[in-house]
Amino acid sequence: MRRGVTIFILVTVVVLGFAVHSVWTLLGLLVATGREDAILRGELPAPNSGTINERPQLIPKIIHQTYINESIPVHWQGPQQSCLDLHPDYEYKLWTDKKSREFIAAEYPWFLETFDGYPYPIQRADAIRYFVLHHFGGIYIDLDDGCNRSLDPLLAYPAWVRRTLPTGISNDAMGAIPRHPFFLKAIDSLTDYNRRWPLPYITVMASTGPLFLSIIWRHYNNANPVDNARVRILFPDEYNNHPWSFFTHHLGNSWHRTDVKVIFWLGRHWLLVTFIGFAVGFTILGLIYKVFFLNKRAPGSPKLRFAFASPRMPFYRRISQKSFELDDRHQV
Ligand SMILES: *[C@@H]1O[C@H](CO)[C@@H](O)[C@H](O)[C@H]1NC(C)=O
């Protein structure tokens, strides 16, 4: 019986270990605050401060946006115009489906097959932003993000992304110098992460979207990048909702579907979900233990037992009679 318990615990540890190992990066994301790379609010000049122009401008003055074609829907024209108005000295690049494909074909032909093969258009919209940031540098802004002040102060960081709560980073506003190693890693990883998951939302998030970028960010930071290789983090207060924030966020996730509602529901009830997960997991483990390692029979019931769970000689003892003899003497 004790042997049974030992084996059961070993199996449990191995199974748990495997499960934890396979989601290690995700677990790491839960505790990765990005604080050590934070763009501190104290170091950012106020919107009309005279010190803005005293800061280095490493990132080229280019704004990148993506849409299907040149006809931007009315509800996004406001946010788009706010960015154009605040940055008259920036080059503006709108990456339509056609232009994106031409760009990938011309500059990153090795990626064209993956790019064309993405089942969801939003995956191409995700991927193209990493490529143009890698190639040209500049600042990428989602069409549902408007600008609240000049982005000039953010040009001072070789690469920056935006922190999202509760975990990870987003890919809706980010900036970089050309050929920054973080975006190199991102574009280099896209092919490996091109997997299909049961839900479209997960497929998009994990293959090209914010979850993909967050995982890359975790891996990238494991190598402890220094100086210009660091990826600085814009925190929520500097992102929106305050007079000194850089952006205004307008709701409009055009690609959300029903599975998104399920995921958001799970996200809102994550404590319950975790609890149910553990309950189900332990129930299964308990059943395994009962079936394979316990050998209780009701009196008079047929003498049914699994051969390898025989109390007289468990399978692991039969493997080596010698070690059984030796071990057995030390058993209590
Ligand atoms: C742009 O795309 C939208 C959405 O698919 C479509 O309704 C519109 O006709 C397109 N405009 C042009 C000029 O192709």
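When a residue number appears, it is its place in the shown sequence, counting from 1.
In this structure, Q65 contributes its side chain and L94 its backbone to no donor-acceptor pair below 3.5 Å. For N228 (side chain) and P158 (main-chain N/O), no donor-acceptor pair under 3.5 Å exists by modelled atom type. H180 places no side-chain N or O within 3.5 Å of a backbone atom of W160 that could act as its donor or acceptor partner. At distances below 3.5 Å, at least one donor-acceptor pair connects side-chain atoms of Q77 with backbone N or O atoms of I72. Judged purely by atom type and a 3.5 angstrom limit, S207 has no side-chain atom pairing as donor or acceptor with the backbone of R195. With S150 contributing its side chain and L86 its backbone, the two residues share no donor-acceptor pair below 3.5 Å. For the pair R163 (side chain) and I233 (backbone), a donor-acceptor distance under 3.5 Å is absent.
Legend: disulfide bond (SG atoms under 2.5 Å apart) pairs involving residues 18-95, not counting sequence neighbours, sorted by first then second residue: C83-C147. Screening residues 208-225 for side chain to side chain donor-acceptor pair (under 3.5 Å) gives D126-T208 as the qualifying pairs, with residues at least two apart or on separate chains.
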- Might you work through the side-chain hydrogen bond (donor to acceptor under 3.5 Å, both in side chains) test for Y130 and D188, ending with a clear yes or no? CA-CA 10 Å; Y130 310 134; D188 214 51; over 6 Å; no
- Task: Go through F103 and Y108 one step at a time and tell me if the ring-ring contact (aromatic ring centres under 6.0 Å, His included) criterion holds.
- Result: CA-CA 8 Å; F103 169 76; Y108 301 92; 5.8 Å; yes
- Test L151 against F247 for side chain to side chain contact (heavy atoms under 4.5 Å, CB included), laying out the working first. CA-CA 9 Å; L151 298 171; F247 300 96; 3.6 Å; yes
- Message: What verdict does the side chain to side chain contact (heavy atoms under 4.5 Å, CB included) test give for R41 and H242, after you've listed the backbone C-alpha separation in whole Å, the side-chain angles of each residue and the deciding distance to 0.1 Å?
- Response: CA-CA 12 Å; R41 56 182 67 171; H242 297 281; over 6 Å; no
- Is there a side chain to side chain contact (heavy atoms under 4.5 Å, CB included) between Y67 and L143 once you walk through the steps? CA-CA 8 Å; Y67 191 62; L143 269 178; 3.7 Å; yes
- Any chance you could lay out the side-chain hydrogen bond (donor to acceptor under 3.5 Å, both in side chains) test for Y140 and N171, step after step, and finish with the verdict? CA-CA 8 Å; Y140 170 84; N171 67 356; over 6 Å; no
- Message: Please determine whether side chain to side chain contact (heavy atoms under 4.5 Å, CB included) holds for the pair V273 and I276, giving the CA-CA distance in whole Å, both sets of side-chain angles, and the decisive distance to 0.1 Å.
- Response: CA-CA 5 Å; V273 172; I276 292 175; 5.9 Å; no
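The environment of R196 atom CZ is sparse: at most 12 non-hydrogen atoms of other residues, nucleotides or ligands sit within 6.0 angstrom. Heavy-atom contacts from other residues, nucleotides or ligands closer than 6.0 Å to CH2 of W244 number more than 12. By the neighbour-count criterion of 12 heavy atoms within 6.0 Å, atom CD of E113 is sparsely surrounded, having that number or fewer from other residues, nucleotides or ligands.
Put simply, W110 and I128 are part of the same group of oily side chains (I, L, V, M, F, W, Y) that touch within less than 4.5 Å, one to the next. In terms of hydrophobic clustering, with Ile, Leu, Val, Met, Phe, Trp and Tyr side chains grouped at heavy-atom distances under 4.5 Å, F18 and L10 are assigned to different clusters. Cluster annotation: V280 and F8 are assigned to the same hydrophobic cluster (Ile/Leu/Val/Met/Phe/Trp/Tyr, side-chain heavy-atom contacts under 4.5 Å, transitive). Under the 4.5 Å side-chain contact rule for hydrophobic residues, I52 and Y157 do not share a cluster. The hydrophobic cluster containing F282 also contains V291, counting ILVMFWY residues as joined when their side-chain heavy atoms lie under 4.5 angstrom apart, directly or transitively.
Side-chain atoms of H87 and Y92 form no donor-acceptor pair, as typed in the model, at a separation below 3.5 Å.
Taking the side chain as every heavy atom from C-beta outward, M174 and F183 approach each other to under 4.5 Å. In this structure, the side chains of L44 and I39 come closer than 4.5 Å at one or more pairs of heavy atoms. The shortest side-chain heavy-atom distance between R101 and I104 does not fall under the 4.5 Å cut-off. Looking at E238 and F235, their side chains come closer than 4.5 Å, going by heavy atoms from C-beta outward. Residues E107 and F131 form no side-chain contact, since every pair of their non-hydrogen atoms from C-beta on lies 4.5 Å or further apart. Side-chain atoms of Y239 and H249, non-hydrogen and from C-beta on, do get closer than 4.5 Å to each other.
How far CD of Q123 is from OG1 of T114: 10.5 Å, rounded to the nearest 0.5 Å. Between the CG atom in L184 and the CD1 atom in I216 there is a gap of 11.0 Å [rounded to 0.5 Å]. Put simply, CG on D144 and CD on Q80 are 12.5 Å apart, with the number rounded to the nearest 0.5 Å. To the nearest 0.5 Å, atoms CD (E54) and OG (S49) are separated by 7.5 Å. Here the NE2-CD1 distance, from H134 to I177, works out to 10.0 Å after rounding to the nearest 0.5 Å. Note that OG1 of T248 is 7.0 Å distant from CG of D145, once rounded to the nearest 0.5 Å.
Of all non-hydrogen atoms in A206 and Y193, the two that sit nearest each other are O-CD2, 3.8 Å. Counting all heavy atoms, side chain and backbone alike, N240 lies closest to S245 at O-OG, 3.0 Å. The shortest non-hydrogen separation linking D37 to V231 is CB-O, 3.3 Å. In plain terms, the two heavy atoms of P60 and G137 that are nearest each other are CG-C, 3.9 Å. Heavy atoms only, all atoms of each residue included: T164 and T167 are closest at OG1-O, 2.9 Å. Nearest approach of L29 to L211, heavy atoms of both residues: CD1-CD1, 4.1 Å.
Among V204, L190, N194, the one residue that satisfies the side chain to side chain contact (heavy atoms under 4.5 Å, CB included) test with F212 is L190.
The aromatic rings of F111 and F115 sit tilted, their planes meeting at an angle between 30° and 60°.
Salt bridge annotation for D97-R124: absent, with no cationic side-chain nitrogen under 4.0 angstrom from a carboxylate oxygen. Note on D142 versus R129: salt bridge recorded, some NZ/NE/NH1/NH2 to OD/OE distance being below 4.0 Å. Ion pairing of K99 with E70 is present here, as a side-chain N (NZ or NE/NH1/NH2) and a carboxylate O approach within less than 4.0 Å.
Residues meeting the side-chain contact (heavy atoms from CB on, under 4.5 Å) test with V11, sequence neighbours left out: I7, V15.
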